[in-house]
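Since the structure comes first, as C-alpha cells, the remarks are kept for the end.
In the text below, chain A, chain B and the rest are named by the order of the sequence lines, each starting its count at 1. The analysis underlying the following values was restricted to heavy atoms, covering all of them including side chains, and did not include hydrogens, waters or symmetry mates. All figures in this text were calculated on a predicted structure; none of them were measured in a lab.
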Amino acid sequence: MNLESLYQEIILDHYKHPRGRGLREPFAAEVHHVNPTCGDELTLRVQLDGDTVTDISYDGQGCSISQASASVLFEQLVGESVSNGLATTDAFLALMQGRGQVVPDEDVLGDAVAFAGVAKYPARVKCALLGWMAWKDAVSQAVAAESPEVAP
Amino acid sequence: MTAVHAPLSGLLDVEAVRADFPILSRTVRGGNRLVYLDSGATSQKPLSVLDAEREFYTRHNAAVHRGAHLLAEEATDAYEEARATIAALIGAETRELVFTKNATEALNLVSYSFSNATAKAQHGRALPAGAERFVLAPGDEIVVTEMEHHANLVPWQEVCDKTGAVLRWIGVDEHGRLDLDHPEHGLDAVLGERTKVVALTHQSNVLGTVTPVRRVADAAHAVGALVVVDACQSVPHMPVDLEALGADYLAFSGHKMLGPSGIGVLWGRYSLLESMPPFLTGGSMIEVVRMEGSTFAPPPQRFEAGVPMAAQAVGLGAAVDYLQALRSADDTLTGMAAVAAHEHALTAYALESLAEVPGVRVVGPADTESRGSAVSFVVDGIHAHDVGQVLDDRGVEVRVGHHCAWPLHRRFGVAATTRATFYVYNDRRDIDDLVAAVRHAQSFFGVA
Ligand SMILES: Cc1ncc(COP(=O)(O)O)c(C=O)c1O
C-alpha cells in the first residue's frame, strides 16, 4: 500500500476540479452532515423528478477524500433512478467497509472504484462516506416528502 | 541535508531514553523509522512501567482495600504507595489525591459534585457539611475559556443544563493567549459575583500556550469562585507546584505521562473534597449501608467506588519515578525541570524549522515564552487529514483534526490542524523528519 494507490489520479482530479459543487435550487431535501472526529462538514441537496435524481448539489469543507467523493457521487448518481442510486451506494458502502478485501465492480461503481484504496485506511473511511451518507439521508427524506401518505 | 546545526542545549540523553521504550525501535508503513510525535494524545511507556505492572500481577495481585489476607495487604500498600509518589510529584497531601480512570472522569467528578449537590439540596436531602458551595441556583455562572479541551467544557455545559447556571468564557487572542484584558471577554468582564467556578487549562493541548493560572485563580477567589485546572498537558511536561498555582482542583491523566491507560488523577483541597457529595457510588466508598440509606467514607475513598485499578496506579507510580530520575545530558537539571528544558529546546527548534517552510502557519504562540511543546499548524492548500496521511506514509505520526478543541479551531477559522507534540524520547532528528515530510506533502499535492 502506498500513497499513490490511496490518492489515485481520479481522486486528486475530482478534488482539484470538483463536479457539480455549490448549492442549487430547487431541491426536495437538504441535509447537513459532519464528521465529528475531524470537523469536516457537508451540506447536500437532492432534487427528484418522479423516480429520477435530477440534481445533487453540495457544499462544504474537508479533506481531499471527502471532497472528491462528493464530486464522484454527483457524477455517478445524477440522472439515475433512485433505486439505482441506492444500489450504487450500497456497493460503495460494502467496498469502504471491506478492509480492502472486497473486489469492486466497476460497472456499478464507475469512478468510485478509485476509492478502493481508502478501505485499507480505516481512519479515512468516514471521509469517503461523508457525501454518500448525506445523500442517502437526503434522498430518503425527499422520497418520504413525496409520498407522505405511505407510512414506513 | 548538509547544514550543520549547533547542538541544542538542555536536551536529555535521548539515545539512552529511547532504549527504555522498545516501541520506538519498530518500523512502520513499509520499513520507515517510527517518528512518534503524538505524545500529547498519549505517551509511550518505558519498560520500568510495564515491569511494575507485571510485578504487581505476578506477585501481589489482590483486590485493594478489601480482605485481610497477605496479598490484599501488599496490593493495598502498593496502591497507596503509588498515591503518595504521585502526590509528592505535585506537592500535594496524599489524602488529597483521588484516582480516576482518566482526566475526563476527574473533571466530571468535580462537575457532578455541583449538579449532584444541587439536586440533593432541591429535595432537602442530606449533604456533607460545607456542601452549599456546590449548590447552584439558576443564573449562577460557570466560567471556562475558549481554548478548553472538550473534557473541560462539555461537563460544565452539562452542569449548566442541569442547574440553570450560565456558561461564560474567557476569549483567546490571535497569538493564542488568553485575552485576559479584553473589554468583553477578559477577566473583569466575565468574572462577577455570580461566578461559582472557573475552569481552565494549564497548558493548551493545541496551541501549547501555558496560561497564567495564578492570575486567573486570584481573580476567581476574589469573587468567591472555585478554580478547576486541567493539567493534562502540564503535569507530564513541567514542574507543577500546587502552592504557586493557586488552584482548588487539578486533573491529569496517567497515560500522557508515561503511565498506563485507565488511570487518572484528581487533586482537590481536602476541605473541599470533604464537603462534596459522592460521584460514582457502590462498594468501597461507603461508611455504613442500611436499606434506608447510606453514609460515605471520607475522601479519597469516597470518590473511589468499586475495586480500583491497582496495577495502573502502580504503573503510574513507576512512571513518576522514571520522570523524576531523568537528567539533562549536561547534568545541570533533573526530573521535571529536565523534561521541561528538553521540550523547550525541541519546541524552539520546531518553531524555527517550520517557520522556514513557505505555506506553513503555526496556530499558537510563535515564540517559546510560556509555551509548551504542542505545535499545531496548517499547510496552505492541504487539509490536515491529507497532511497527516503523507506524514504517516513516511512514519511520522502526528495528530490531525480539531484535537477535541473544536471551539478553539473555530476561533482561528480553521476546521482542522496538524499537531506535533514532543516528549522525553524525541530529538532533533524527529523534527527534521517532520519538516521533510511536510515539504513532501506540499510537493505531493502540488502546492509548493
Ligand atoms: C488538555 C486536555 N484535557 C483533557 C484531556 C482528556 O484526557 P483523557 O482523554 O485522558 O481523559 C486531554 C487529552 O486528551 C487534554 O489534552
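When the shell of 6.0 Å around CZ of B/Phe445 is examined, it contains more than 12 heavy atoms from other residues, nucleotides or ligands. Annotation: B/Lys162, atom NZ; neighbour count of heavy atoms from other residues, nucleotides and ligands within 6.0 Å is above 12. Atom CD of A/Gln61 is surrounded by more than 12 heavy atoms from other residues, nucleotides or ligands within 6.0 Å. Crowding of B/Arg361 atom CZ: a count of heavy atoms from other residues, nucleotides or ligands under 6.0 Å not exceeding 12. The environment of CZ in B/Arg429 is sparse: at most 12 heavy-atom neighbours from other residues, nucleotides or ligands sit within 6.0 Å. Surrounding CD of B/Glu174 are more than 12 heavy atoms belonging to other residues, nucleotides or ligands, all under 6.0 Å away.
With chain A as the partner, the residue from B/His409, B/Arg29, B/Arg410 showing the most heavy-atom pairs under 4.5 Å is B/Arg29.
A/Asp40 and B/His383 share a donor-acceptor pair across their side chains, judged by distance under 3.5 Å alone.
Residues A/Ile65 and B/Gln389 fail the side-chain proximity criterion, which asks for heavy atoms closer than 4.5 Å. B/Asp386 is listed as a side-chain neighbour of A/Arg124, based on a closest heavy-atom distance under 4.5 Å.
The contact between A/Thr37 and chain B is made entirely by backbone atoms, counting heavy-atom distances below 4.5 Å. Interface remark: B/Val387 contributes no atoms to any contact with chain A (heavy atom separation under 4.5 Å).
Distance alone, capped at 3.5 Å, is enough to place a donor-acceptor pair between the B/His402 side chain and the A/Pro36 backbone.
Here the shortest heavy-atom pairing between A/Gly39 and B/Ala415 reads O-CB, 4.4 Å.
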